[in-house]
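Order of the sequence lines sets the chain letters (A, B, ...), proteins ahead of strands, with each chain counted from 1. Only a predicted model underlies this, so the values are computations on that prediction, with no experimental measurement involved.
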Amino acid sequence: MSGGAERRLPGHYLKSKEMYSLPGLVEYRPVARYLFSAGQAQSRFLDGLKEGKILGKRCPRCGRVYVPPRSYCEYCMAPTSEWVELPGTGEVHTAVVSYISTFRERMEKPEIVAVIKLDAPGYTKGGYEFAGLFHKLCNVEPEDVISGRAIGMRVKPRWRPPEERKGDVNDIECFEPVES
Amino acid sequence: MRPNIHVKNKVAVVGAGLTLFRRRMLETPRELAWEAASMALESAGLTLKDIDCIVIGTAPDAFDGVHLNGEYLADGAGGVNKPTVRVYVGGGTGVFVPIAAWWHVASGLCRTVLAVAEEKMSPAHPHPQGVFAYIWDPVLERPLGPNLIWIFALEMRRYMHKCGAKKEDIALVSVKNKANALDHPAAQAAAKITVEDVLNSEVLVWPVNRLDISPVSDGAAALVLASENEARRITDSPVWVEGVGFTLDNTHWYNRELGYPRYVQYAARMAYKMAGIERPWREIDVAEPYDPFDYKELHHIEGLMLARPCEAPKLLKEGHFNRDGDLPTSPSGGLLGVGNPIAAAGVMKVAELFWQLRYEAGARQVKKPVHRGVAQAWGDLMQAGTVIVLGN
Ligand SMILES: [Zn+2]
């Protein structure tokens, strides 16, 4: 037996067109609707966004600051009893330029998407783990991402006007450079 | 072998089988599972009645479009009225399948295990990208309208920044793996391409171009694992499972350094400790790191400690990871070249080590003598590491 890998392998490839003319082809679109609760910690976090504040939770045992907040410390399994308000500023950990939508359609205007490492005064574990958010950047050009200028850039949240806030992550319109 | 763990039975891989990997296949998921499983049995010279237990692996049900996908596949995988279990850690599932099969045998619970992985991504049409929308956190992530490629691009950009790696350095992985796949009979995306071809392909989310990514695939792969006594009866050249490791980080991928996969390193340490390996960069002869994206192979080579952090791009350029290099990586052609039917792709990597360590890989056989190999898969939201060390 020569390892099996050298022989003609089983399976029949279909071209895209062949797929659509297969006997017995069934098309099915699942209908599934959900209502997700944000939970204990995130509900308060979302209320904070409505007030223009970024709230985190601190673990009383190890001092980790969690943003997004968790009800418990993942390492100590202790309740994170203390709420802290972060200044909101931070630095860009990484950023990219997206030319496609969720469903892979080409977008007319590219979006800049980033991971923001938030300033969390008093949080000393700051090496591998950090308090942070996933969000969009504005006033940053694709060229800044490509050249690397955007990485490590100091940024702050651009809040929507209070009357437009709904208590969701889009109450922050985007993060933008501190000097702009 | 200096195992640092007490087990009832030493475990060997004694057979392997694969279907073609293709964008779209006629066969149902259970037919694909049956094809790969039968071939694995045949290659070991066994029949289903010689098998005690079954381990099945398949990634999210949403791809095949059948819930209870493990149960659905069970008959094709030989699992009817046998102890049968399905394991799942996203993209890490493929390597987790032989890991789970290992503990079935090592514990003494089963003498022989048929381990089968299958994925059919083509039912989600016109493209399975939309199915990935459901892996995101519903409250904090979905409102931003994310695309799966964002997260890879973010990780790749961070790796480039941290390591000073350029897109052309990383594209070399795609060039190498697609060329290696020219010799693989299952291959879907084998090609002779250049770095320029990668850089000139469609930009999806900068820095990720289309040719930085493995294709969407249907396919199945299977292995037979056996206890030492059984293995010696079955074959003169068993390939031993010397170490296994697996770890899971949290789903909060934007709360950690994306330039280095800590969860892969932890899994690798666990596997190396079991195998008595202290200097993996010298003691491993051939590697199959997980490469759904080209930068991921470099990221994982570093997580597996086969290179120092940020050293992989330089070694790659020097030919270190070529088939005739000092430490060949993805000699199969990897996911970039052979294809990426998620769980089946991980098992394909372990099957490649099996063939390499038996000197049965034909045109793909690496040049250097081989004693030990490592295969690894990654999965979920930048959080799962699964690692297996095999030796001959
Ligand atoms: Zn703690």
Decide if atom [atom1] of [X] counts as having more than 12 heavy atoms of other residues, nucleotides or ligands within a radius under 6.0 Å.
X: A/Glu163; atom1: CD; value: yes
X: A/Glu18; atom1: CD; value: yes
X: A/Arg61; atom1: CZ; value: no
X: B/Tyr260; atom1: OH; value: yes

[X] versus chain A, the contacting section by heavy-atom distance below 4.5 Å:
X: B/Asn250; answer: side chain
X: B/Leu32; answer: neither
X: B/Leu148; answer: neither
X: B/Glu202; answer: side chain

Shorter than 4.5 Å, heavy atoms on both sides: which option in [options] has the most such pairs with chain B?
options: A/Lys15, A/Arg106, A/Glu111, A/His135; answer: A/Arg106
options: A/Leu118, A/Ile116, A/Val115; answer: A/Val115
options: A/Val145, A/Val67, A/Ile146; answer: A/Ile146

_Students often mix this up, so state it plainly: with edges at 30° and 60°, are the rings of A/Phe134 and B/Trp150 parallel, tilted or perpendicular?_
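The rings of A/Phe134 and B/Trp150 stand perpendicular, inter-plane angle above 60°.
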
Over all heavy atoms of both residues, which pair between [X] and [Y] is shortest? Give the atoms and the distance, please.
X: A/Ser101; Y: B/Asn147; answer: O-ND2, 2.7 Å
X: B/Arg157; Y: A/Gly148; answer: NH2-CA, 3.0 Å
X: B/Tyr254; Y: A/Phe130; answer: O-CE1, 3.3 Å
X: B/Met25; Y: A/Gly11; answer: CE-CA, 3.8 Å
X: A/Gln42; Y: B/Asp137; answer: OE1-OD1, 4.4 Å
X: A/Val96; Y: B/Leu154; answer: CG1-N, 3.4 Å

Taking side chain as everything from C-beta outward and backbone as N, CA, C, O, which of these in [X] sits under 4.5 Å from a heavy atom of chain B? Side chain, backbone, both or neither.
X: A/Glu27; answer: side chain
X: A/Leu22; answer: side chain
X: A/Ala38; answer: both
X: A/Lys136; answer: side chain
X: A/Ser16; answer: both
X: A/Asn170; answer: side chain
X: A/Phe45; answer: side chain

For the interface with chain A, which of [options] has the highest count of heavy-atom pairs at distances below 4.5 Å?
options: B/Leu20, B/Val208, B/Asp218; answer: B/Leu20
options: B/Val205, B/Thr19, B/Leu258, B/Val203; answer: B/Val205
options: B/Pro143, B/Gly17, B/Pro126; answer: B/Pro143
options: B/His127, B/His125, B/Lys162; answer: B/His125
options: B/Glu35, B/Arg22, B/Glu27, B/Glu155; answer: B/Glu27

_Evaluate A/Arg64 against B/Asn255 for side-chain hydrogen bond (donor to acceptor under 3.5 Å, both in side chains), listing each step before the verdict._
CA-CA 11 Å; A/Arg64 280 185 173 83; B/Asn255 283 168; over 6 Å; no

*Quickly, which of A/Val169, A/Asp168, A/Leu46 forms a side chain to side chain contact (heavy atoms under 4.5 Å, CB included) with B/Val139? Name it, please.*
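The single option meeting the side chain to side chain contact (heavy atoms under 4.5 Å, CB included) with B/Val139 is A/Leu46.
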
Atom [atom1] in [X], atom [atom2] in [Y]: separation rounded to 0.5 Å?
X: A/Tyr66; Y: B/His252; atom1: OH; atom2: NE2; result: 9.0 Å
X: B/Glu31; Y: A/His12; atom1: CD; atom2: NE2; result: 10.0 Å
X: B/Glu257; Y: A/His93; atom1: CD; atom2: NE2; result: 4.0 Å
X: A/Leu9; Y: B/His184; atom1: CG; atom2: NE2; result: 7.5 Å
X: A/Thr94; Y: B/Met160; atom1: OG1; atom2: CE; result: 9.5 Å

_Given 3.5 Å as the limit, does a donor-acceptor pair link the side chain of A/Tyr34 with the main chain of B/Pro138, or not?_
no

*Decide side chain to side chain contact (heavy atoms under 4.5 Å, CB included) for B/Arg23 and A/Met19; before the verdict, give the C-alpha distance in whole Å, the side-chain angles of both, and the deciding distance to 0.1 Å.*
CA-CA 11 Å; B/Arg23 173 67 183 86; A/Met19 175 83 172; over 6 Å; no

*asked:* Using side-chain heavy atoms (C-beta onward) and a distance below 4.5 Å, is A/Leu133 in contact with B/Leu140?
replied: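 Side chain of A/Leu133 against side chain of B/Leu140, heavy atoms only: no contact under 4.5 Å found.
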
